[in-house]
Amino acid sequence: MSKKIAFIGLGHMGGPMAANLVKAGHHVSGFDLAPAALDQARSGGIEVAESAAAAAADADVVITMLPAGRHVLDAYQGGNGLLAVAGTGTLFLECSTIAVEDARAAHEMASAAGHRSLDAPVSGGVGGAENGTLTFMAGGSAEDFAEAEPILAAMGARIVHCGGPGAGQAAKVCNNMILGVSMIAVSEAFVLGEKLGLSNQALFDVASAASGQCWALTTNCPVPGPVPASPANRGYQPGFAGALMAKDLGLAVRAFEAAGVQARLGSLTEQIYRTFAEGEGASQDFSGIINQIRANSQTKETV
Ligand code: NAD
């Protein structure tokens with residue numbers, strides 16, 4: 001059934017996601033602080049509102065796709081905030097990647113204002129947003145999930161209800177920690193193989209069909225050659241930028257601290273990606289970490 005949807009944050013992800021909602025027959029009123037994002041949104045059939053509040057005022061559903069938790073909480077609260085202007089019982093879908101504790105705070109604020117809400121972060125990147133093939137990881141009640149599912153299905157191929165409030169962000173932060181750690185493991189293995197005189201293709205042929213197999217190796221392979229579509233074959237253009245990996249691992253570290261988890265590899269991976277993202281790695285694909293590992297490795301003849 002066609003809904004009136006307010007979409008706040010029409011950037012790299014939000015713009016194409018909102019356009020897919022229009023294609024699915026929904027009426028989308030959108031807002032972004034950046035004029036360029038608004039121009040792009042218009043070309044995708046989105047009605048541009050004068051403000052976030054104006055977009056949300058008569059919406060059935062309010063979707064946020066903003067940079068970080070503080071942007072979401074700021075947009076939600078205040079006299080002219082999204083929660084105050086939306087009609088009672090509006091369904092809030094918070095799709096940004098934010099800390100689990102911020103997601104839980106957003107749920108509590110929405111509930112206190114008489115609304116329904118899900119945290120529903122995504123994986124799949126800009127390509128997934130454009131093609132409508134994102135994975136959504138949702139946290140909230142079963143009833144709210146059931147109502148949100150057909151809306152999310154217009155933007156994604158896989159919609160998973162992970163549990164109660166914050167469970168979607170919890171799944172996202174755990175998954176991306178696996179991704180960051182495994183990319184470093186794969187990259188260190190390739191650099192070690194190179195030093196031991198092994199060709200990248202030989203290591204790939206063995207590990208991709210053996211117990212070292214993982215997404216970082218077989219889909220996003222950090223060396224050019226074995227997987228033609230991986231970012232390594234196009235100068236490490238993202239893909240998934242180092243800055244975003246550093247951000248997500250920062251959220252993982254916050255979660256370790258809040259939950260009292262000893263995660264030594266996760267913590268070290270966050271430090272490595274934070275340093276990577278302070279330099280040119282910020283805008284490179286996160287698999288470009290292999291070049292830093294190679295550069296930091298001792299210069300010795302092949303042994
Ligand atoms: P982006 O920076 O391209 O888009 C964010 C947009 O929000 C910008 O256009 C900005 O102008 C706008 N904005 C900021 N504050 C605003 C406000 N108060 N009101 C209205 N608009 C506001 O970022 P993105 O790549 O689209 O990512 C959005 C979210 O999705 C982030 O939380 C990111 O971590 C997450 N994410 C990104 C990817 C990816 O590959 N880019 C993948 C998965 C998840």
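Counting convention: from 1, in listed order, for ligands and their atoms alike. Starting from 1, each residue takes its place in the sequence as its number. Worth saying up front: this structure is predicted, and the values here are computed from it rather than measured.
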Just need the protein heavy atom nearest to [atom], so name the residue and atom and give the distance.
atom: atom 4 (O) of ligand 1; value: G11 CA, 3.4 Å
atom: atom 37 (C) of ligand 1; value: M13 CG, 3.6 Å
atom: atom 19 (N) of ligand 1; value: L33 CG, 3.8 Å
atom: atom 30 (O) of ligand 1; value: M65 CE, 3.1 Å
atom: atom 29 (C) of ligand 1; value: L66 O, 3.4 Å
atom: atom 41 (N) of ligand 1; value: L244 CD1, 3.4 Å
atom: atom 43 (C) of ligand 1; value: V122 O, 3.6 Å
atom: atom 8 (C) of ligand 1; value: D32 OD2, 3.5 Å

[X] heavy atoms, cut-off 4.0 Å: which ligand 1 atoms fall inside?
X: K247; value: 31 (C), 32 (O), 33 (C), 34 (O)
X: G125; value: 40 (O)
X: T97; value: 32 (O), 34 (O), 35 (C), 36 (N), 44 (C)
X: A34; value: 11 (O)
X: S96; value: 32 (O)

May I ask whether atom 13 (N) of ligand 1 is less than 4.0 Å from at least one protein heavy atom?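 True for atom 13 (N) of ligand 1.
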Does the protein put any heavy atom within less than 4.0 Å of atom 23 (O) of ligand 1?
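Neighbour list for atom 23 (O) of ligand 1 is empty of protein heavy atoms (cut-off 4.0 Å).
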Note to self: Count I, L, V, M, F, W, Y as connected when their side-chain heavy atoms are under 4.5 Å apart, and connections chain through other members. Are L83 and I8 then in the same cluster?
What the structure shows: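 L83 and I8: one cluster.
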Report task. Determine, using the 4.5 Å side-chain heavy-atom cutoff (strictly less than), whether I290 and F240 are members of one ILVMFWY cluster. Result ->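 As far as the 4.5 Å side-chain criterion goes, F240 and I290 are connected within one cluster.
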Hey, which of N176, I98, T97, D102 is the one that makes side chain to side chain contact (heavy atoms under 4.5 Å, CB included) with L251?
->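 One option only clears the test, and that one is T97.
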Could you tell me whether a side-chain N or O of [X] sits under 3.5 Å from a main-chain N or O of [Y], the two making a donor and an acceptor?
X: H71; Y: L73; value: no
X: S96; Y: L66; value: yes
X: R116; Y: A110; value: no

Is the count of non-hydrogen atoms from other residues, nucleotides or ligands lying under 6.0 Å from [X] atom [atom1] greater than 12?
X: H12; atom1: NE2; result: no
X: R234; atom1: CZ; result: yes
X: Q292; atom1: CD; result: yes
X: E280; atom1: CD; result: no

Counting heavy atoms only, which part of [X] comes closer than 4.0 Å to ligand 1: side chain, backbone, both or neither?
X: I98; result: neither
X: M17; result: neither
X: I8; result: side chain

Distance-only N or O hit between ligand 1 and H12, under 3.5 Å: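 Yes, at least one N or O pair falls under 3.5 Å.
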Below 3.5 Å, can you tabulate the donor-acceptor pairs from side chains in residues 23-34 to any protein atom, sequence neighbours excluded?
{"from": "K23", "atom 1": "NZ", "to": "N20", "atom 2": "OD1", "distance (Å)": "3.4"}
{"from": "H26", "atom 1": "ND1", "to": "K3", "atom 2": "N", "distance (Å)": "3.0"}
{"from": "H27", "atom 1": "NE2", "to": "E47", "atom 2": "OE1", "distance (Å)": "3.1"}
{"from": "D32", "atom 1": "OD1", "to": "A34", "atom 2": "N", "distance (Å)": "2.7"}
{"from": "D32", "atom 1": "OD2", "to": "L10", "atom 2": "N", "distance (Å)": "2.7"}

Worksheet entry | Test item: L268 and Q271 side chains (from C-beta on) under 4.5 Å apart, heavy atoms |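 Contact flag for L268/Q271 side chains = yes.
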**4.0 Å heavy-atom contact, P67 with ligand 1** =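 Yes, that is the case, since the closest heavy atom of the residue is under 4.0 Å from the ligand.
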